[in-house]
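Working notes, beginning with the structure itself.
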Amino acid sequence: MTEKVTLNDATTNSGYDLPLMSGSMGPKVIDIRRLYAETGHFTYDPGFVATASCESKITYIDGDEGVLLHRGYSIDELAEHSDFMEVCYLLLHGELPNRDEKDTFVSNITNHTMIHEQLVQFFRGFRRDAHPMAIMVGVVGALSAFYHDSLDIDDPHHRMIASHRLIAKMPTIAAMAYKYSVGQPFLTPRNDQSYAENFLRMTFGVPAEDWKPNPVLTKAMDRIFILHADHEQNASTSTVRLAGSSGANPFACIAAGIACLWGPSHGGANEAVLNMLDEIGSVDNVAEMLNRAKDKDDPFRLMGFGHRVYKNYDPRAKVMQQTCHEVLDELGVKNEPMLKLAMELEKIALEDSYFVERQLYPNVDFYSGIILKAMGFPTSMFTSIFALARTVGWIAQWNEMVEDPVQKIGRPRQIYTGEGPRKYVPLHQRG
Ligand code: SDX
C-alpha cells in the first residue's frame with residue numbers, strides 16, 4: 001500500500017493525496033511530480049534546501065549524525081584502509097574491486113594520464129598569473145574537442161572511456177596549471193608511479209633533478225583525494241547533473257562543475273580559509289573576526305565553517321585534522337602558527353553561542369588548506385586539487401543520471417513577482 005501525505009488546499013477547499021517515497025536510508029520524500037497538474041501550484045524552495053532532485057545509490061549523508069557513506073562504506077574506513085583508485089572504482093561501479101578488477105582499473109587510468117600535445121598549446125594563451133581554476137575550466141572544456149571517439153553519451157563504452165580519461169587527466173592538467181603559473185617546464189606523467197605520486201612529481205619535480213617521493217606526503221595526498229571524491233547532490237554535482245540532463249558531453253559537464261566549485265561558498269572555501277587565517281594573523285584578533293562573522297550587515301563568513309547538510313562535525317574534517325598533524329609532524333613544522341591559529345579559532349568558535357545555536361562546525365575545507373600549504377602548494381591551487389579529486393564523484397553521478405530511466409532535462413519553474421502585462425511606450429513619450 002503506497003504511503004501518502006494529504007495536501008489541504010484552503011483556496012479550493014480540496015485535499016490532494018501525494019505519494020510518499022522511501023529510500024533505503026534517510027528521510028522519506030513527497031513525490032510532487034503530479035502536484036502542478038492536480039493543483040495548479042508549484043513548490044518554492046530556493047537553494048533546494050528540502051528538495052530531492054534525483055534518486056541516487058552513490059553517496060549517503062546524515063547531516064545530524066555526521067555520517068558520510070560511499071556505496072555504504074563510511075568515509076572513515078575508506079580513508080583509513082582504502083586508496084583513491086579503489087574509491088574511484090567503488091564510486092563508478094558500486095562495489096569494491098577484487099585484485100584483477102583493481103589492477104585493470106588502475107592500468108586503464110594510468111594509460112590515459114597524458115594529454116594531447118595540441119592541448120598543451122591551450123596553456124600558452126593564458127597569462128602566467130591566470131588562476132589555475134580559470135585554466136582548468138578552459139582546458140577541461142576543450143577536451144571535448146579532442147575526444148570525438150567518446151562523446152556518444154548513450155553508448156556505455158563511450159561513457160566509461162570518457163570517465164577514465166577525465167579521472168586520469170585531471171592531475172596532469174592541474175599540475176600543468178601550476179607549472180605554467182611559476183614558469184617552469186611541464187613534466188609528463190610516468191606509468192611507474194601511483195596517481196598521487198605522479199601528481200606530486202608533476203607539480204613539484206623539475207627536469208634538473210630526480211624527484212624523490214615522500215611516502216607520508218603521498219599517503220596524505222591520496223587521502224585528501226578520497227575525502228573530496230564525492231558528496232551527494234552538492235552545488236557542483238547538481239551543476240554537472242543539470243548540464244548533463246540536456247545531453248551535453250561529459251567533458252563540457254565537468255567543466256561546468258569546475259566553474260561552480262570555484263565559488264568561495266563551495267570548493268573555493270579552502271583557499272578562502274587560508275586567506276582568512278592570514279587576515280586574522282593572531283589569536284588576539286579571533287574575537288573581532290567572530291563578531292564580523294556574526295554581523296548580518298557584514299558579508300564576512302567564517303570560512304571553513306558551516307554546511308548546508310552537516311549540523312554536526314563534518315566527518316571529513318576530523319580525518320583531515322588528523323592528516324594535518326601527520327603531515328606537519330613529517331615536515332617538522334608541527335608548531336606551524338597557521339595550524340595553532342586554526343585550532344584556537346575552532347576551539348573559540350565551538351564555544352560561542354552563535355555557532356553552537358546554528359550548529360556550525362568545521363567542514364572539509366577548514367584544515368585541508370593548512371595541509372596543502374605545508375606541502376608547498378600555493379593557495380591558488382587548493383580548489384584545483386578539490387576539482388581534481390571531485391571529478392570521479394561528478395562523473396559517477398553523471399553516469400548515474402544518464403542511466404536513470406526517469407531522468408529528463410532539468411527545467412525548474414519560478415514564482416513570478418515582476419510587472420504584469422503593459423503597453424509599449426514610445427521613446428518620445430517617456431519621462
Ligand atoms: C563545501 O554541499 C556540499 O556538500 C559542499 C561540500 C562538498 O563536499 O561538495 O561539502 C564542500 O562547499 C563545504 C562548505 C565550504 N564553504 C565554506 O566553508 C564557506 C563558509 N560557510 C558558509 O558560507 C555556509 O555555511 C554554507 C554556504 C556552507 C552553507 O550555507 P547555508 O546552508 O545557506 O547556511 P545557512 O544559511 O542555512 O546558515 C544558517 C545560519 C545563517 O544565519 P541566520 O540567518 O540563521 O542568522 O548560519 C549562518 C547563516 O548566516 N552561517 C554562518 C556561516 N555559515 C552559516 N555564519 C558565519 N559563518 C559561517 N561560516
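Counting convention: from 1, in listed order, for ligands and their atoms alike. In what follows, residues are counted from 1 in the order of the sequence shown.
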>> I'd like to check which ligand 1 atoms, numbered from 1 as shown, lie under 4.0 Å from a non-hydrogen atom of A293.
In response: 56 (N), 57 (C)
> Where does the angle between the aromatic ring planes of Y195 and F84 fall among parallel (under 30°), tilted (30 to 60°) and perpendicular (over 60°)?
Replying inline: tilted
> Do other residues, nucleotides or ligands put more than 12 heavy atoms under 6.0 Å from E403 CD?
Replying inline: yes
> Counting only heavy atoms, which portion of H228 has something under 4.0 Å from ligand 1: side chain, backbone, both, or neither?
Replying inline: neither
> Is any heavy atom of the protein nearer than 4.0 Å to atom 36 (O) of ligand 1?
Replying inline: no
> Got the closest protein heavy atom to atom 46 (O) of ligand 1, with its distance?
Replying inline: K296 NZ, 2.9 Å
> When you measure from the centre of the six-membered ring of F300, is the NZ or CZ of R292 under 6.0 Å away and within 45° of the axis?
Replying inline: yes
> What protein heavy atom is closest to atom 54 (N) of ligand 1, reported as residue, atom name and distance in Å?
Replying inline: L360 CD2, 3.9 Å
> Closest non-hydrogen protein atom to atom 48 (C) of ligand 1, residue and atom name please, with distance?
Replying inline: Y354 OH, 3.6 Å
> Which heavy atom of the protein is the closest neighbour of atom 15 (C) of ligand 1, given with residue, atom name and distance?
Replying inline: D365 OD2, 3.3 Å
>> To check your reading of the model: name the closest protein heavy atom to atom 58 (N) of ligand 1, its residue, and the distance in Å.
In response: L302 N, 3.0 Å
> Charged N to carboxylate O below 4.0 Å: is that the case for E400 and K57?
Replying inline: no
> At a 4.0 Å threshold, what atoms of ligand 1 neighbour a non-hydrogen atom of N234?
Replying inline: 2 (O), 3 (C), 4 (O), 5 (C), 9 (O)
> Would atom 26 (C) of ligand 1 count as contacted, meaning some protein heavy atom under 4.0 Å?
Replying inline: no
> So, do Y180 and F126 have ring centers that fall under 6.0 Å from each other?
Replying inline: no
> Please state which protein non-hydrogen atom is closest to atom 24 (C) of ligand 1 and give its distance, to 0.1 Å?
Replying inline: F305 O, 4.3 Å
> In terms of side-chain heavy atoms, does D45 have a donor or acceptor partner in T43 at a distance below 3.5 Å?
Replying inline: no
>> Return the closest protein heavy atom for atom 11 (C) of ligand 1 as residue, atom name and distance.
In response: H266 ND1, 3.7 Å
> Does at least one non-hydrogen atom of V309 fall below 4.0 angstrom from an atom of ligand 1?
Replying inline: no
>> Only heavy atoms of G304, strictly under 4.0 Å: list the atoms of ligand 1 that pass.
In response: 17 (C), 18 (O)
>> For atom 57 (C) of ligand 1, tell me which residue out of R301, R308, Q233 has the closest non-hydrogen atom.
In response: R301
> Is ligand 1 less than 4.0 angstrom away from at least one heavy atom of R390?
Replying inline: yes
> Honestly, is R34 close enough over Y36, meaning NZ or CZ under 6.0 Å from the six-membered ring centre and within 45° of the axis?
Replying inline: no
>> Show the atoms of ligand 1 that are less than 4.0 angstrom away from any heavy atom in A269.
In response: 15 (C), 16 (N), 17 (C), 18 (O)
> Which atoms of ligand 1 sit under 4.0 Å from any heavy atom of S265?
Replying inline: 12 (O), 14 (C), 15 (C), 16 (N), 27 (C)
>> Which residue in the set D230, L91, V240, I254 passes side-chain contact (heavy atoms from CB on, under 4.5 Å) when paired with I395?
In response: I254
> How close does the nearest protein non-hydrogen atom get to atom 19 (C) of ligand 1, and which residue and atom is it?
Replying inline: M303 CE, 3.5 Å
> Can you tell which part of F366 has a heavy atom less than 4.0 Å from ligand 1: side chain, backbone, both or neither?
Replying inline: neither
